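This one's a predicted model, so the numbers in the text were calculated from it and none came from an experiment. Each chain gets a letter, A, B and so on, in the order its sequence line appears, and its residues count up from 1.
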Protein chains: 2
Amino acid sequence: MNIQFKKGVLEICVLSVLAYKDCYGYELVNEISKRIDISEGTIYPLLHRLKDEGYVTTYLQESAGGAPRKYYRLTDSGRKEEHERKEEWMRFAASVNALLERKNDAAE
Amino acid sequence: MNIQFKKGVLEICVLSVLAYKDCYGYELVNEISKRIDISEGTIYPLLHRLKDEGYVTTYLQESAGGAPRKYYRLTDSGRKEEHERKEEWMRFAASVNALLERKNDAAE
DNA sequence: GTAGGTATCTTGTGATACAAGATACCGTGT
DNA sequence: ACACGGTATCTTGTATCACAAGATACCTAC
């Protein structure tokens, strides 16, 4: 999979999954990896960015056999951001598809 | 427009336009900008990469009033690459859309 | 106490888009 | 001759982000 494609997109994917349910980092990797490869070295810096920007809050919870889990929950601001970025992605993808399908606006 | 989204995608857009007709750099900027913002500082390094990789060849042609134009033409290898990357993009976009639309494979 | 699974986090590297500006060619007006 | 504006190409420095690899730590089972 082309690494470059993911730039900026993984952040939306994380926001989108979190809009569905609270998750901890490791869980997000597994959840998103069903569709798109993502590694741990990517998810943690990304989650820290989202927290710094106020889009998520965190809380710790014990786990059965293993280190405690840090859950991430969307804030209201994060929910709004998720909505906006999803729309932005949809518009972008539509533009690219239009270009790739040679709908070049009657280019001479 | 989110700059990050474009990473890797602009290269396909260029290949795709060139599959339709030969273009010079300045023309490609205008052509692609109808749908997606792209600047000159992006297109020229990108075109040099494509040439280094053997996906395009170039030829000079005079222009009516201005510097001579360097046209870019897809090679056979470039045509093949255009096809493959387009498919890769389509698959990727479909995966992202599936994730964003919460088709989370019955996640518990 | 050591091995293995779960989980978080950090560091260094590579790819690429962009702004800003340098360079150059040409026609027109003076 | 010379300056100007439009066309066109190219370079440099900066920022962002994903990743591999590894460090850290917690817990259970042996």
Would the distance check show the side chain of B:Glu53 and the main-chain N or O of B:Leu50 forming a donor-acceptor pair, the cut-off being under 3.5 Å?
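Checking the backbone N and O of B:Leu50 against the side chain of B:Glu53, no donor-acceptor pair under 3.5 Å is found.
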When you measure from the side chain of B:Thr75 to the backbone of B:Tyr55, do you find a donor-acceptor pair of N or O atoms at a distance under 3.5 Å?
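A pair under 3.5 Å: yes.
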Which heavy-atom pair separates A:Asp22 from A:Glu27 by the least distance, and what is that distance?
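Distance-wise, the nearest heavy atoms are O-OE1, 4.1 Å.
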Which residue lies toward the 5' end of DNA chain D, B:Tyr24 or B:Lys7, if each is placed at its nearest nucleotide?
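It is B:Tyr24 whose nearest nucleotide is closer to the 5' end.
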Check the side chains of B:Lys51 and B:Thr57 for a donor-acceptor pair under 3.5 angstrom, ignoring hydrogens and angles.
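The criterion, which ignores hydrogens and geometry beyond distance, is not satisfied for B:Lys51 and B:Thr57.
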Side-chain donor-acceptor contact under 3.5 Å, B:Asn2 with A:Trp89
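Judged by distance alone, the side chains do not pair up.
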How close or far is atom [atom2] of [N] from atom [atom1] of [X], stated in whole angstroms?
| X | N | atom1 | atom2 | value |
| --- | --- | --- | --- | --- |
| A:Glu11 | D:dT16 | CD | P | 12 Å |
| A:Tyr26 | D:dC26 | OH | P | 17 Å |
| A:Lys70 | D:dC26 | NZ | P | 14 Å |
| A:Gln61 | D:dC26 | CD | P | 18 Å |
| B:Asn30 | D:dT7 | CG | C1' | 11 Å |

Using a 4.0 Å heavy-atom cut-off, does A:Lys6 contact any base of the nucleic acid, only the sugar-phosphate backbone, or nothing at all?
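Contact class for A:Lys6: sugar-phosphate only.
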Base, sugar-phosphate, or nothing: which does A:Asp37 touch, judged by heavy atoms less than 4.0 Å apart?
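Here A:Asp37 touches the backbone only, sparing every base.
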On DNA chain C, reading 5' to 3', which nucleotide is the first and which the last to sit with an atom under 4.0 Å from a heavy atom of chain B, could you check?
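On DNA chain C, the outermost contacted nucleotides are C:dT16 to C:dC26.
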Assess whether a salt bridge exists between [X] and [Y], defined as any Lys/Arg side-chain N lying under 4.0 Å from an Asp/Glu carboxylate O.
| X | Y | result |
| --- | --- | --- |
| A:Glu82 | A:Arg85 | no |
| A:Glu31 | A:Lys21 | yes |
| A:Glu11 | A:Arg49 | yes |

If two hydrophobic side chains count as joined below 4.5 Å and joins carry through other members, does B:Leu10 share a cluster with A:Ile3?
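No, separate clusters.
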Below 4.0 angstrom, which residues in residues 38-49 of chain A have at least one non-hydrogen atom near DNA chain C?
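Residues of residues 38-49 of chain A that come under 4.0 Å of DNA chain C are, in numerical order, A:Glu40, A:Gly41, A:Tyr44, A:Pro45, A:His48.
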